[in-house]
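So the structure is just underneath, and the comments pick up after that.
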Amino acid sequence: MSRLAPEPVLAEAPNASPAAGAVPRHVAIIMDGNGRWAARRHLPRVAGHRAGAKAVRRTIAAAIDHGVAWLTLFAFSSENWRRPEGEVADLTGLLRQYLRTEVAELHRERVRLRIIGDRSRFGPEITRELSEAEALTRGNDRLQLIVALSYGGRSEIAAAARAIAEAAAAGRIDPATIDETSFGRFLFTADVPDPDLIIRTSGEYRVSNFLLWQSAYAEFVFPEILWPDFNAKHFEEALAEFARRDRRYGARSD
Ligand code: FPP
C-alpha cells in the first residue's frame, strides 16, 4: 500500500482508456493566466486569482455536464511558494475561502474532493479543513475532483522512489518485482486513472512539473484563453479536440 496515497479511491481498472471519439474519463487542467488577466485590466493579481476561482466553479459544472469522471486542477505548485509573500497569502486566503464557501455545494452535487501534494505546508488549519472536506465528500460518485496543492511531479516521483527503497531495505518488497504498475501505487494517484486530456490555458506550452509520470500518454490541448475567461464552451472545444485525436500509445494505427 502506498505511503503517499493510503486510501485508493478507484475500484475500476486505471488503465482502461476511453475509446476514440469518447469523452475523456480524466481531464487535468493547468489553470494559467490569472496574473495576465488582471494586468490587462489594471487590477491586482489577486483579482485574477479570484476570477480564476469562478472559472473553477464553471469548469466543475461543465465536467459534470459532460460526464467526465475525474477532473484534476493544478491550483498551487510546489514552485508557487517562491512567489512574493503577499501573493502566496492571497492564494492561501482564497483557498481557505473556497473551502468554506464551496465544499457544501460540492457535496450537494455529489462531488468527491481529494487533494494531492504537500498539504501540510499550508499550515494546520487549512490541512485540517482539507482533510475534513475529503472525509465529508468521500462517498460521492458523480465527479472525482482532485486539487493539486503544493504539488510537484518530480518530488512526487522522488518520494515514491524513496518509499519503495525503504520498503525494499526493510524486506517488504522484492526489487525484482518493481514495475510501472507497482511503482504507480506509490504515487499520490494510486488507483486514479491516468489523465486522458491535459488542458493548459493562456497560450503557454509547458508541463510545469504537473503529473509527470501520469501524463505519459495524455493528449494535450492549449487553448489561447486566460484561465479566468475559461468557460463551458472552451471546455467543450477541448473535449471535441480530444475526440478528434488518434491515440495510438506508441503502436501503429494501420
Ligand atoms: C496561474 O496563473 C494560476 C495560479 C498560480 C493559481 C491558480 C488558482 C486559481 C485558479 C484560483 C484558486 C483555485 C482554487 C481551487 C481555490 P498565474 O498567476 O501564473 O498567471 P500569469 O502566468 O498570467 O502570471
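Atoms within a ligand are numbered from 1 in the order they appear, just like the ligands themselves.
The contact shell of ligand 1, taken as protein residues with any non-hydrogen atom closer than 4.0 angstrom, comprises Met31, Asp32, Gly33, Asn34, Gly35, Arg36, Arg45, His49, Gly52, Ala53, Ala75, Asn80, Arg83, Leu91, Tyr98, Trp227.
A salt bridge is defined here as a Lys NZ or Arg NE, NH1 or NH2 lying under 4.0 Å from an Asp or Glu carboxylate O, and Glu105 with Arg108 meets this definition. A salt bridge does not link Asp141 with Arg112: every distance from a Lys NZ or Arg NE/NH1/NH2 to an Asp or Glu carboxylate oxygen is 4.0 Å or more. Of the charged side-chain nitrogens involved, at least one lies within less than 4.0 Å of a carboxylate oxygen, so that Arg100 and Glu125 count as a salt-bridged pair.
For the residue pair His26 and Asp194, no side-chain donor N or O sits within less than 3.5 Å of a side-chain acceptor on the partner.
Residues Arg245 and Val221 form a side-chain contact, since some pair of their non-hydrogen atoms from C-beta on lies under 4.5 Å apart.
The minimum heavy-atom distance between Ser150 and Trp81, with the atom names listed, is OG-NE1, 2.8 Å.
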